[in-house]
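Throughout, a chain's letter reflects where its sequence line sits, starting with A, and its residues are numbered from 1.
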Amino acid sequence: MVKITLPDNSTKEFDNEITALDVAQSISSGLARNVLAAEVNGIIQDANMLITSDSTVKLFTWMDDEGKAAFWHSSAHLMAEAIEFFFPGAKFGIGPNIENGFYYDIDFGDRVLSENDFKKIEEKMLATARQKQQFTRKNVTKAEAIEYFSKKGDEYKLELLADLEDVDITFYESGNFVDLCRGPHIPHTGFIKAIKLLNVAGAYWRGDEKRKQLTRIYGVSFPKQKELTEYLELLEEAKKRDHRKLGKELELFTFSQKVGLGLPLWLPKGTDLKDRLTQFLTKVLKKRGYEMVSSMHIGNVNLYKLSGHYDKYGEDSFHPISTPIEGEEFMLKPMNCPHHCEIYNSKPHSYKDLPVRMAEFGTVYRYEQSGELHGLTRVRGFTQDDAHIFCRPEQVKKEFIAIIDLVQYIYKILGFKEFVTQISLRDKENRDKYIGSDENWEKAEKAIIEASEERGLKSKIEYGEAAFYGPKLDFMVKDALGRKWQLGTIQVDYNLRERFNLEYAGNDNLKHRPVMIHRTIFGSLERFIAVLIEHSAGNFPLWLTPEQAIILPISEKYHNYSKKVLNLLNDYEIRTQVDERSEKTGRKIRDAELQKIPFMLIVGEKEENENAVSVRQHGKGDLGTFSIEDFAKLVNKEVEEMIKE
RNA sequence: GCCGAUGUAGCUCAGUGGUAGAGCACUUCCUUGGUAAGGAAGGGGUCACGAGUUCAACUCUCGUCAUUGGCUCCA
């Protein structure tokens, strides 16, 4: 007799040994047809594994992340089998499932695999899938496993084996492919109905750039063709929203080989957008007790040696430049914090002055590897929306909460409704990697956790992800396509206050060290604007967009009236232009729509007579006739609504 | 930096071992038109760059640079 407890706490009893599939069958045959994997007493395993004693069972289908994981993991095996068929002797590294699909790292020896090979591999995979091959699990000893892969000549699997204990080593066999694998796998390959191999890439064996580079093949698979189609449509949509494409089309920024890699050139409209963003943020920050400061683009190399950044990141910075006569060395500023420390040190501080909140839109330069550069999201020169807060230890939590509120407010205004947070703490095992006393760390970690809880954030806690100088809280926004982007970060720092001898006089009249908090909301303006472009598909919020409206005269006869409208709207601080080209109205509308300008104001005889404009909204169509003043009020009211706290 | 792919007009892209193409954009002219492309003519390219093979290279080979998908890195 086996007693099975299900997640809803109901129980079922069976006479014999059973599998999770049998459990599913006892509930409904529909469920049984869809079960991909199961969790038995907390362990995720194959749905067809025998259950011999009373157990708690959870069943996973395609609707569950665990089900998808098994599905994609099995798809990776299926791909490996097909690849082994076409490329006998290929050696296999690892082939896991990932967030959206799977990959397999493979050593093809002298052969090269290209995307041209995808089609035949996909077809082979589908043909195999249709055979409903079972994944057979086999317990093997370490010696047996080593013998198998030695014979096969797969040194990667042998290396993986070397790290495994001689217990619970399992092989999975499906068709002609045998793999060292922990599982779980789906019951048979027949579930896999749609497959798409996406791209090939080089990937270092075990992520170590000193080791051999294997060929990584990414793919995705689904139980229904329709889901694959939808997924591919999502990828298409992402392509359409690519900020590099839209940045060009909307004339926001460009790059030039002559200027240099990773050094963006902001065009007039992009500059306008960026400036408006910084102006808005400046206003918000001042309201919240921040003071704006500014520092230069270069700093003495000794400054960064003092801060410790030179030792740690000197390799990733531009080489020092020297003054022509004295030979004094300067570096392009890689971060703002040392400069801000010196601003703090420019006068003595009392505990009464704290916290000091110092903000700067500081442009910094970092040597990013050439292969890393990507549009505006990874560049060599960028502007941080940086701030440093110098406060007393007991103020840390309050400051943290204030920053969390600020970040939330800003994201909301910019149209990001969802974000997730991660708290990065010390590695529990290895505390030597960090500087600062245990006491301070504990205080700071506690403050972060409490602040996060107090604001109802469901932060994921990661141990070992903290910076060497303190714990941090990171913000990741979700964009309109559900993609996550890391933007803001709040970090506590116990390093710089020692190195820069930061102090304040306490109420005991003794010198104390302030706690320093680094924080950014966007990370970098460049990166943020890239994310904003992709999130909004170039349809920026009305308050932020470079051009809010465009005036479209029906013909030359109305150019004078158009200019009158332009001047009036300018008086209302509405950003607009007149399209004076000798084109038909339909054409002007089309071009304005493509430029994603929020409002088109069509003016002709009727409007001139009535002192009005005919308003068409981007993506929506004709809104009817408005007096110029009413239109201005409409825009300004909407803008006000958008940015009010 | 490493592995793969790509590089033809301002943009999007065809194309062939034998004198370089389209659409859009641009210029000029005609047109003055009411809610997503009016018409005509014209200008514009060392086919990324440099070598090699060939009677002949935009095309084939190699190298360089850049772009791109990843890997590694990210104060």
Taking [M] as the reference, what is the distance to [N] when you measure between their [atom1] atoms (whole Å, please)?
N	M	atom1	value
C55(B)	G69(B)	C1'	42 Å
G4(B)	U61(B)	P	15 Å
U6(B)	U59(B)	P	15 Å
A22(B)	C30(B)	C1'	25 Å
A75(B)	U12(B)	C1'	40 Å
G43(B)	C49(B)	C1'	26 Å
A20(B)	C47(B)	P	9 Å
C58(B)	C13(B)	C1'	16 Å

Could you tell me the separation between the [atom1] atom of [X] and the [atom2] atom of [N], rounded to a whole number of Å?
X	N	atom1	atom2	answer
E251(A)	C11(B)	CD	C1'	11 Å
Q257(A)	C65(B)	CD	P	12 Å
K258(A)	U67(B)	NZ	P	14 Å
K312(A)	C74(B)	NZ	P	8 Å
E249(A)	G10(B)	CD	P	17 Å

Quiz item: Below 4.0 angstrom, N of the basic side chain to O of the carboxylate: do R581(A) and D591(A) qualify?
Solution: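 Salt bridge between R581(A) and D591(A), a charged N being under 4.0 Å from a carboxylate O: yes.
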Quiz item: Does the distance from a Lys or Arg side-chain N to an Asp or Glu carboxylate O, for R216(A) and D105(A), drop under 4.0 Å?
Solution: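 Here R216(A) pairs with D105(A) in a salt bridge, since their nearest N and O are under 4.0 Å apart.
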Quiz prompt | F86(A) six-ring centre to K120(A) NZ/CZ under 6.0 Å and within 45° of normal | solution =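 Relative to the ring axis of F86(A), which defines the angle, K120(A) lies inside both limits.
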Quiz item: Under 6.0 Å between the ring centres of F500(A) and Y344(A)?
Solution: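 When the ring centroids of F500(A) and Y344(A) are compared, they turn out to be at least 6.0 Å apart.
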Quiz item: Toward the 5' end of RNA chain B, which comes first, L261(A) or A203(A), by nearest nucleotide?
Solution: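 By nearest-heavy-atom nucleotide position, the 5'-most residue is L261(A).
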Quiz item: Between G371(A) and E368(A), which has a closest nucleotide on RNA chain B that is more 5'?
Solution: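 Nearest-nucleotide comparison on RNA chain B picks G371(A).
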Exercise. Can you label the angle between the W72(A) ring and the F222(A) ring as parallel, tilted or perpendicular, going by 30° and 60°?
Key: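 Perpendicular: the ring planes of W72(A) and F222(A) meet at over 60°.
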Quiz item: Under 4.0 angstrom, heavy atoms only, what part of the nucleic acid is Y218(A) near: base, sugar-phosphate, or nothing?
Solution: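 Answer is sugar-phosphate: Y218(A) comes under 4.0 Å of backbone atoms only.
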Quiz item: C65(B), A75(B), G1(B): which one has an atom nearest the side-chain heavy atoms of Q369(A)?
Solution: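 The answer is G1(B).
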Practice problem: Choose from C73(B), A66(B), G69(B) the nucleotide whose nearest atom is closest to any side-chain atom of H374(A). | Solution: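 When the side chain of H374(A) is considered, G69(B) is the closest of C73(B), A66(B), G69(B).
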Quiz item: Hey, does the side-chain of R216(A) have a donor or acceptor N/O within less than 3.5 Å of a partner on the base of C3(B)?
Solution: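 A donor-acceptor contact between them is absent.
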Quiz item: Looking at C71(B), does its base get a donor-acceptor pair with the side chain of R211(A) below 3.5 Å?
Solution: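 No, the side chain and the base share no sub-3.5 Å donor-acceptor pair.
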Quiz item: Can you tell me if the side-chain N/O atoms of R244(A) get under 4.0 Å from OP1 or OP2 in G69(B)?
Solution: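 Yes, because at least one side-chain N or O of R244(A) sits under 4.0 Å from OP1 or OP2 of G69(B).
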Quiz prompt | Any Y313(A) side-chain N or O less than 4.0 Å from OP1/OP2 of A75(B) | solution =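 Y313(A) to A75(B) OP1/OP2: side-chain N or O found under 4.0 Å.
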Exercise. Check the surroundings of atom NZ in K596(A): do more than 12 heavy atoms from other residues, nucleotides or ligands lie under 6.0 Å from it?
Key: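 Check passes, neighbour count above 12.
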Exercise. Answer yes or no: does atom NZ of K269(A) have more than 12 heavy-atom neighbours from other residues, nucleotides or ligands under 6.0 Å?
Key: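 Enclosed: over 12 neighbouring heavy atoms sit under 6.0 Å from NZ of K269(A).
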Quiz item: With both distances under 3.5 angstrom, what nucleotide forms a Watson-Crick or G-U wobble pair with U16(B)?
Solution: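 The answer is none; no pair meets the criterion.
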Practice problem: Would you mind pulling out the nucleotide paired to C26(B), Watson-Crick or G-U wobble, both distances under 3.5 Å? | Solution: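 Across all strands, the one nucleotide that pairs with C26(B) is G42(B).
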Exercise. Determine, for nucleotides 30-40 of chain B in 5'-to-3' order, which nucleotides have protein heavy atoms under 4.0 Å from the base (write B), from only the sugar-phosphate (write S), or from neither (write -).
Key: -BBBBBBBB--
Quiz prompt | Between OG1 on residue T421(A) and NZ on residue K472(A), distance to nearest 0.5 Å | solution =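 If I round to the nearest 0.5 Å, the distance is 13.0 Å.
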Practice problem: For E123(A), enumerate each residue passing the side chain to side chain contact (heavy atoms under 4.5 Å, CB included) test, keeping only those at least two apart in sequence or located in another chain. | Solution: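 In terms of side chain to side chain contact (heavy atoms under 4.5 Å, CB included), with neighbours along the sequence ignored, E123(A) is linked to K119(A).
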